[in-house]
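Read the structure below first, then the notes.
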Amino acid sequence: MCSRALNEWIEEVARVTQPDRIVWCDGSEREYHALLEQMLGDGTLLRLNERKYPNCYLHRSHPTDVARTEHLTFICTPKPEDAGPTNNWMSPQEARERVGALFRGCMKGRTMYVVPYLMGPPGSPFSEVGVEVTDSPYVVANMRIMTRMGKIALEHLGDSEHFVRGLHSLGDLSPERRYICHFPEERAIWSIGSGYGGNALLGKKCHSLRIASVEARDEGWLAEHMLIIGVEDPEGNVTYLAGAFPSACGKTNLAMLVPPPALSRYKVWTVGDDIAWLRLGPDGRLWAVNPETGFFGVAPGTSVKTNPNAMIALSRNSIFTNVALTPEGTPWWEGMSDPPEFAYDWQGKPWTPASGRPAAHPNARYTAPARQCPSISPHWEDPQGVPISAILFGGRRARVAPLVYEAFDWAHGVFVGASMASETTAAAMGEIGVVRRDPMAMLPFCGYNMADYFRHWLWMGTRSPRMPRIFHVNWFRTDERGQFLWPGFGENLRVLKWIIERVNGRGDAEETPIGYVPTPEALDLEGLTLSKEAVRELLHVDPNEWRQEAEAIAEFFRRFGDRLPEELWQAHRQLLRRLG
Ligand code: TSX
Ligand code: MN
């Protein structure tokens with residue numbers, strides 16, 4: 001029943017890469033365990049404590065291969081303008097020559113795995129088939145957690161030639177010969193020289209965001225870097241929200257939020273923590289699915305306090321990458337609990353709290369099945385998706401951005417998303433506290449010119465009178481001494497409650513130059529000990545700060561030249577006018 005186009009492509013890839021063996025993956029439990037045994041045998045994986053972490057494994061990556069490499073990630077369109085000023089561009093011809101040369105014979109002596117996978121629920125009109133060819137068994141094992149792999153994908157494909165072609169090889173793991181190339185016209189991805197998640201699990205960022213964003217533009221939908229949650233109120237009504245946040249804003253924590261005691265009659269359901277595919281439904285509402293089946297989460301900072309649902313999800317059937325290992329064979333990372341007296345660090349070296357370096361890599365990850373998350377929504381695999389009532393854009397801002405505000409309308413909301421920014425945190429990212437623009441949290445993930453992407457967003461808003469309302473949130477505002485003003489975490493549900501009230505025509509707000517901000521009384525702060533002063537500060541919109549912000553936004557917008565939609569400049573002028 002296998003697609004001829006698929007067979008022909010696999011033959012062609014094998015001719016170029018010359019593997020010793022070809023293995024077609026069926027996605028079965030049995031195949032998974034054989035693969036794990038093989039990796040335990042060759043040292044790719046270590047088995048963790050079977051009693052405390054059943055069926056869990058540790059992988060230590062090459063020390064220079066620990067994160068996505070944006071400077072080595074390319075969009076390969078015929079014209080550089082089609083990649084836009086925020087992407088690296090390489091001509092398809094140069095990519096075929098330069099990167100193609102690296103694939104020649106790269107699988108000699110290795111096994112080539114053919115990994116068919118489905119992004120999206122079985123039987124859903126949202127869903128897409130991809131096939132990743134890889135010489136990394138670690139990639140295959142992670143793909144089995146993150147996607148619907150094997151038989152189900154081939155069934156979806158039938159004899160069609162319509163699938164995303166992903167070619168991946170570890171190559172020699174040298175950063176000098178590392179490339180992640182995307183060919184949106186051919187719906188193809190070439191990745192070589194890295195085994196790291198976002199570079200190598202091609203179903204995730206490469207397919208579900210970069211390639212899918214181009215398809216979404218062409219076909220009239222949205223492929224977004226968003227979490228999806230359902231908030232159930234005490235009466236049992238569930239309101240679905242989607243949210244885009246740059247890194248280090250706690251997106252996975254928000255996706256798995258546990259209500260605080262004062263709102264214990266509410267419940268937050270997790271639909272997805274990273275990617276949303278959104279389409280207009282027959283009812284004119286925007287419906288969303290999570291194309292993935294797992295969480296590829298940052299381990300450091302994840303604890304029973306910050307995210308108890310993630311801790312349960314990752315406690316079995318999970319793969320850990322670059323975490324520390326305790327003498328009892330359990331994983332450990334900074335922020336998980338009090339440090340052990342002794343551990344092996346992410347590179348396997350002896351470590352104590354006095355070592356003066358982190359035990360886990362700051363970008364250490366867990367790969368955990370979504371179905372194991374206690375808050376997973378009963379609707380997370382619904383083929384039609386869930387109806388989205390509000391879109392949240394967020395950022396980490398010590399000042400300027402209030403706790404929450406609502407955009408005036410869709411076009412203004414697109415302006416809010418396009419001008420999003422966040423402050424850097426991790427020392428690994430360079431200086432800390434620097435404001436970086438990251439429109440819709442898509443800067444590293446949009447597969448085409450972001451000016452065109454903004455135009456696509458604006459157009460989507462003209463297609464239905466029932467589009468979601470758009471909000472901006474900031475959990476990270478600080479006082480003059482640098483202390484966080486808002487308690488964050490579960491208490492963020494108080495902000496979501498106001499957002500849901502607004503969507504339902506309630507919830508008091510004050511009109512400000514930047515949008516609708518809750519009145520202090522409109523936020524449910526019962527059981528919180530926040531001073532009146534702190535609330536005032538959290539909700540304050542300072543015209544002077546915002547005039548500076550507007551100039552920074554203009555500077556960013558100017559990078560797109562005359563390709564930037566006029567509506568965004570219009571929104572910018574209106575902001576300046578309202579600021580006086
Ligand atoms: O994930 C976070 N969220 C979202 C939660 C649903 N973090 C963790 C950092 C990002 C990876 C947060 N950190 C949040 C937040 O809302 N807010 C903060 C800032 C903060 C940190 C600590 C405290 C309060 C705020 N308070 C105490 O530690 C007692
Ligand atoms: Mn992400």
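Atoms within a ligand are numbered from 1 in the order they appear, just like the ligands themselves. Index from 1, following the sequence. Only this structure's heavy atoms are used, side chains among them; waters, hydrogens and symmetry mates stay out.
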N/O/S from K205 sitting under 2.8 Å away from the Mn ion (ligand 2):
yes
Taking only heavy atoms of N492 into account, list the atoms of ligand 1 that are under 4.0 Å away from them.
4 (C), 5 (C), 6 (C), 15 (C), 16 (O)
Less than 4.0 Å between a side-chain N and a carboxylate O, is that true for R371 and E292?
no
Quick one: do D438 and R436 make a salt bridge, cutoff under 4.0 Å?
no
Measure the distance from atom 21 (C) of ligand 1 to every protein heavy atom, then report the residue, atom name and distance (to 0.1 Å) of the closest one.
F484 CD1, 3.8 Å
Using a cut-off of 6.0 Å, state whether more than 12 heavy atoms not belonging to R265 lie near its atom CZ.
no
Among all the protein's non-hydrogen atoms, which is closest to atom 7 (N) of ligand 1, and how far away is it?
F489 CZ, 3.2 Å
Please could you name the atoms of ligand 1 that A248 approaches to less than 4.0 Å, counting only its heavy atoms?
10 (C)
Please find out if less than 6.0 Å separates the ring center of H207 from that of Y117.
yes
Within 45° of the ring axis of W380 and under 6.0 Å from its six-membered ring centre, is that where the NZ or CZ of R148 lies?
yes
Minimum-distance protein heavy atom relative to atom 17 (N) of ligand 1
F476 CE2, 3.8 Å
Are H472 and Y405 an aromatic pair by the rule of ring centers under 6.0 Å?
yes
Among the N, O or S atoms of D274, the one nearest the Mn ion (ligand 2):
OD1
Which atoms of ligand 1 are found less than 4.0 Å from any heavy atom of W475?
4 (C), 15 (C), 16 (O)
Considering all heavy atoms, the nearest M442-S213 contact
CE-CB, 4.3 Å
Quick one: look up the protein heavy atom nearest atom 11 (C) of ligand 1 and list residue, atom name and how far away it is.
G250 N, 3.6 Å
Between K251 and D273, does any side-chain N to carboxylate O distance fall below 4.0 Å?
no
Give the residue, atom name and distance (to 0.1 Å) of the protein heavy atom nearest atom 24 (C) of ligand 1.
P487 O, 3.5 Å
Using a 4.0 Å heavy-atom cut-off, say whether R396 meets ligand 1 through its side chain, its backbone, both or neither.
side chain
I'd like to check atom 1 (O) of ligand 1 in this structure: does the protein have a heavy atom lying under 4.0 Å from it?
yes
the protein heavy atom lying closest to atom 25 (C) of ligand 1 turns out to be W486 O, 3.5 Å
Distance-only donor-acceptor check, side chains W486 and N492, under 3.5 Å
yes
At a 4.0 Å threshold, what atoms of ligand 1 neighbour a non-hydrogen atom of N253?
1 (O), 2 (C), 5 (C), 6 (C)
Answer with yes or no whether the side chains of T270 and S375 bring together a donor and an acceptor at under 3.5 Å.
yes
Test item: protein heavy atom less than 4.0 Å from atom 27 (C) of ligand 1
no
Atoms of ligand 1, numbered as shown, that sit under 4.0 Å from any heavy atom of C249
10 (C)
